[in-house]
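See below for the structure under consideration.
Keep in mind that what you see is a predicted model, and the values were worked out from it rather than measured.
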Amino acid sequence: MVRLREAAAYVAFLLPKAVAAASHAVVHDDTYFYGQSPPIYPTPEMTGVGDWGDASSKAQILVSQMTLEEKVSLTGGIQNSTSGCGGNIPAISRLGFPGMCLQDGPNGIKGTELVNGYPSGIHLGASWNKSLAYHQAYAIGGEFRRKGATLALGPPVIGPLGRIAFGGRNWEGYSNDPYLSGILGAEAVRGVQNNGVISCAKHFVGNEQELHRNPHLDKHTNKTVEASSSNIDDRTMHELYMWPFADVVHAGAASVMCAYQRLNNSYSCHNSKALNGLLKTELGFQGFVMSDWSAQHTGIASALAGLDMAMPYGREYWGASLAEAVRNGSVPASHIDNMVTRIMAAWYFSHQDDPSLPSVGVGLASDFEKRHPIIDARNPDDAGLILEGAIQGHVLVKNINNALPLTTPRILSLYGYDAKTPDTNNAKAGMNGWSLGLQSHNYRSVICGFASIGGQCPPFPPIAANGTIISGGGSGAVTPVYISSPFQALQARAHRDKSQLFWDFDGTEPTNSETDACLVFINAASSEGVDRPALRDDYSDGLIIDIASRCNNTIVVIHNAGVRLVDQWIEHPNVTAVIFAHLPGQDSGEAITQILYGDVSPSGKLPYTLPRNESDYGSILAPVTYTGWDRYFPQDNFTEGVFIDYRAFDAKKITPRFEFGFGMTYTTFEYSNLRVRQNVKSNNLSEYPVGPIIPGGSADLWDTVAVVTADLTNSGKMEAAEIAQLYVHIPAIGQPVKQLRGFNKIIIPPGETRTVDFRLRRRDLSIWDVVSQKWKLIIGTEYLIYIGASSDKSLLNGTLVLSMD
């Protein structure tokens with residue numbers, strides 16, 4: 001049942017607050033107040049549209065043979081003390097259903113042995129590589145499958161999008177841009193599911209901070225503080241936060257995870273507007289919605305609002321109570337059938353009925369100290385892919401006097417805590433601690449992340465001081481067999497080249513006056529369960545300044561789990577090169593060594609804007625703290641609308657330190673020969689989409705309505721990859737100066753030219769019309785087309801006028 005205190009909150013407080021907020025919203029849907037979520041019932045039936053027909057039919061046949069209790073058993077997880085799975089759905093042996101094993105995480109299997117640690121989401125985002133996103137996800141899917149996991153909790157983490165700079169989980173996602181996130185997320189869905197594992201897209205939607213993500217008791221008053229409410233207007237929801245979810249649903253995502261926080265003052269996992277209305281109706285989602293761990297707060301209400309599976313346990317609100325609700329007529333029997341059909345259709349859709357699959361959860365164990373089947377889930381053929389992924393997410397942002405690449409230095413000096421291999425205390429700590437090099441902090445973060453203890457964990461340190469980081473912490477942490485640290489890889493390279501390598505991880509020893517270069521490794525850590533305390537730290541900045549004062553060729557490498565400010569030292573004349581190394585996974589050291597020595601050219605570009613100061617973010621730097629009325633009902637009003645990251649910098653005319661999409665290579669590129677043409681015959685073009693609903697929305701939203709091409713020439717002396725980017729200005733009131741609407745990463749040998757093409761879909765050129773509740777093309781007015789090397793470096797400009805004549 002719905003908790004009475006929440007209903008009372010609506011009456012006493014939320015309505016006047018929402019009315020007041022509405023007047024300040026950028027745009028809001030006239031059908032409901034900003035800050036309130038309208039009821040949308042009933043839950044749509046699964047239709048089997050698109051590629052889902054066969055899976056839907058098989059699911060319906062199986063579900064028709066189940067008893068009510070068997071159906072209900074599929075809607076909630078069970079406690080299994082011997083399982084190493086993050087969540088378990090029980091088997092129905094008499095029908096040949098083996099149950100389900102749900103397991104973290106987005107960049108590799110968590111909590112088990114003999115698996116790989118892949119680059120994190122932010123690293124993949126910095127690669128801007130669609131093919132890499134697919135193949136990495138395919139490889140991850142294979143490891144999940146070989147370990148007996150049915151569902152991977154990832155890899156497409158497309159919420160949080162990165163609205164709040166301090167957001168503790170921003171590193172799990174690809175980018176602050178919805179287009180880049182959606183394209184890479186769609187490839188990840190295809191990769192995992194093509195390898196026989198259900199992919200889970202998360203977190204739907206507006207999950208942009210860790211502070212107040214769960215309800216908790218105020219220890220001073222013993223009153224409940226509800227989770228923060230992300231209050232998002234209709235246009236912002238569609239054009240920003242829901243955008244990448246449309247891409248992954250279109251790609252066939254079989255499950256979507258609802259979020260912890262409230263959305264327009266209704267908890268995300270029983271928000272009927274979000275689940276029934278946006279996801280299952282508007283986007284035509286065919287799979288099932290599962291809760292984040294302990295994010296279910298009601299019983300009947302959550303079922304009717306569109307939640308299909310409660311995790312990690314179903315008994316608190318569902319279980320026998322849900323069966324009784326069906327018997328007494330509170331929940332229609334047909335609705336339970338719909339919930340379970342969606343779950344089983346996802347199971348069939350990802351080919352879980354393949355008899356050759358390993359037993360469910362066979363390679364996972366809750367306790368490494370007990371005997372269990374040891375399964376090596378790694379595929380030797382993936383080794384090159386993992387290293388390539390690690391290389392491609394590095395972003396070179398400064399390189400003066402050809403400081404890089406290094407040319408067989410005689411003497412090289414290495415500094416910084418992030419250069420060394422993380423310390424490990426014991427096997428169990430290592431299970432949770434490889435990712436950060438801070439075992440106790442990461443283990444604490446995991447506990448804080450899963451327990452519904454409320455607001456935020458104890459403050460997390462801004463750096464992982466006892467070793468290099470390859471990932472962030474929490475449910476996305478990884479436990480690979482090995483970590484290639486920068487120190488290890490550089491030491492091996494020095495041995496090969498007969499160079500002298502000096503190292504000082506604390507930075508306290510004198511600098512060798514004959515050294516060719518000083519490499520300084522620092523990091524910026526982050527974890528689920530707690531937002532970041534800062535975007536810089538005095539210790540690391542002081543270390544860089546101190547080394548640079550003693551060494552005229554200081555090269556800085558930052559392993560950063562999000563934005564990391566650099567203005568205290570970036571312009572120091574002795575800081576000659578800077579690389580944002582992000583979170584490369586297990587091959588971190590080898591990757592940075594190949595880049596530093598010029599075996600490969602860096603090719604990554606920033607998937608976020610890097611400001612000069614914290615003040616550049618304005619009100620969306622950090623989570624808001626609450627006092628007064630909203631102390632118990634925290635309200636987070638997204639009044640900036642679609643204007644986050646580079647959209648906000650453009651609108652406010654703020655010059656960033658490094659713009660979105662910026663990154664350098666060891667060569668130069670020239671752009672030429674821009675061509676723009678409409679791809680759809682004018683008599684077939686309409687202002688609004690007219691196609692049927694398929695997964696992802698109206699079918700014609702995915703039609704290519706325009707094609708843009710350009711030529712790129714490598715005018716330098718080294719083969720390298722360039723990421724050509726296409727931005728569009730949509731000619732409508734309130735639209736950003738430009739929005740990313742295309743990108744292509746292409747390797748070009750020196751002196752050669754390649755043609756890149758961009759296919760603009762109807763949705764790429766549309767705005768959300770809050771009155772008609774449809775996507776709308778702007779006919780007869782010029783769209784501005786920009787192609788270049790970053791959001792602020794447009795090298796080719798053109799126009800597009802869509803015509804129905």
Side-chain angles (χ1 to χ4, degrees), residues 126 165 394-407 409-419 462-463 465 468 486-487 490 501-525 534-582 592-593 595-598 602 604-606 608-616 654-659 662-666 790 792:
H394 288 74
V395 183
L396 177 66
V397 297
K398 182 178 181 180
N399 190 26
I400 62 173
N401 302 324
N402 294 318
L404 292 176
L406 301 172
T407 53
R410 292 181 306 157
I411 299 175
L412 195 63
S413 298
L414 178 63
Y415 299 94
Y417 56 87
D418 182 74
I463 62 174
T468 194
F487 171 58
L490 287 166
L501 179 68
F502 291 98
W503 63 89
D504 174 13
F505 300 136
D506 298 321
T508 58
E509 298 296 325
T511 301
N512 189 302
S513 60
E514 298 299 319
T515 192
D516 292 284
C518 298
L519 305 179
V520 185
F521 284 83
I522 66 170
N523 62 49
L535 302 182
R536 64 176 102 218
D537 72 276
D538 292 340
Y539 174 76
S540 300
D541 288 342
L543 174 65
I544 294 168
I545 293 169
D546 181 54
I547 299 301
S549 70
R550 297 184 269 138
C551 180
N552 63 7
N553 187 21
T554 299
I555 298 166
V556 180
V557 178
I558 311 171
H559 284 112
N560 57 307
V563 170
R564 208 298 183 177
L565 302 186
V566 297
D567 270 65
Q568 289 193 11
W569 45 263
I570 189 72
E571 294 182 356
H572 193 293
N574 288 345
V575 174
T576 55
V578 178
I579 294 175
F580 280 84
H582 295 113
I592 190 62
T593 300
I595 290 170
L596 291 171
Y597 278 82
K605 298 202 175 188
L606 295 176
Y608 49 80
T609 298
L610 192 75
R612 295 175 180 271
N613 296 292
E614 291 91 341
S615 59
D616 290 343
I654 298 174
T655 301
R657 167 57 65 182
F658 298 114
E659 70 271 19
F662 175 77
M664 305 169 69
T665 68
Y666 294 154
S790 70
D792 284 354

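Scanning all heavy atoms of the two residues, the minimum distance from D537 to R564 falls at OD1-NH2, 3.1 Å. The heavy-atom pair separating L543 from G507 by the smallest distance is CD1-CA, 3.8 Å. Across all their heavy atoms, A165 and L535 have their closest contact at O-CD2, 3.8 Å. Of all heavy-atom pairs spanning A577 and L404, the tightest one is CB-CD1, 3.7 Å. The two residues R657 and I570 have their closest heavy-atom pair at CZ-CG2, 3.5 Å. Across every non-hydrogen atom of H559 and P486, the tightest pair is CE1-CG, 4.1 Å.
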Inset, instruction - Mind running side-chain hydrogen bond (donor to acceptor under 3.5 Å, both in side chains) on Y415 and T511 for me, showing each step along the way? - result: CA-CA 10 Å; Y415 299 94; T511 301; 3.1 Å; yes

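Here Y608 pairs with N560, H582 under the side chain to side chain donor-acceptor pair (under 3.5 Å) rule; sequence neighbours left out. Partners of W503 under the side chain to side chain donor-acceptor pair (under 3.5 Å) rule, at least two apart in sequence or in another chain, do not exist in this structure.
Contact check for T609 versus D616: no side-chain heavy atoms found under the 4.5 Å cut-off. Annotation: side chain of I522 is in contact with side chain of V520 (closest heavy-atom distance under 4.5 Å). Contact annotation: the side chain of F521 approaches that of L490 to within less than 4.5 Å [non-hydrogen atoms, C-beta and beyond]. With a 4.5 Å cut-off on side-chain heavy atoms, P409 and Y597 count as touching. Contact of the V575 side chain with the V556 side chain is registered, since non-hydrogen atoms from C-beta on lie closer than 4.5 Å. Contact of the I595 side chain with the L396 side chain is not registered, since no non-hydrogen atoms from C-beta on lie closer than 4.5 Å. N553 is not listed as a side-chain neighbour of N401, based on a closest heavy-atom distance of 4.5 Å or more. Contact annotation: the side chain of V563 approaches that of L610 to within less than 4.5 Å [non-hydrogen atoms, C-beta and beyond].
In terms of modelled atom types and a separation under 3.5 Å, the side chain of N523 and the main chain of D418 share no donor-acceptor contact. With hydrogens and angles ignored, the 3.5 Å screen pairs a side-chain donor or acceptor of N574 with a backbone N or O of A548. Without hydrogens or angle criteria, T554 side chain to C551 main chain gives a donor-acceptor distance under 3.5 Å.
To the nearest 0.5 Å, the span separating CG on N512 from CG on D504 amounts to 12.5 Å.
The residues E509 and R550 are annotated as not salt-bridged, no charged nitrogen and carboxylate oxygen being separated by less than 4.0 angstrom.
Ring centroids of F487 and F505 are separated by less than 6.0 Å, placing the two rings close together.
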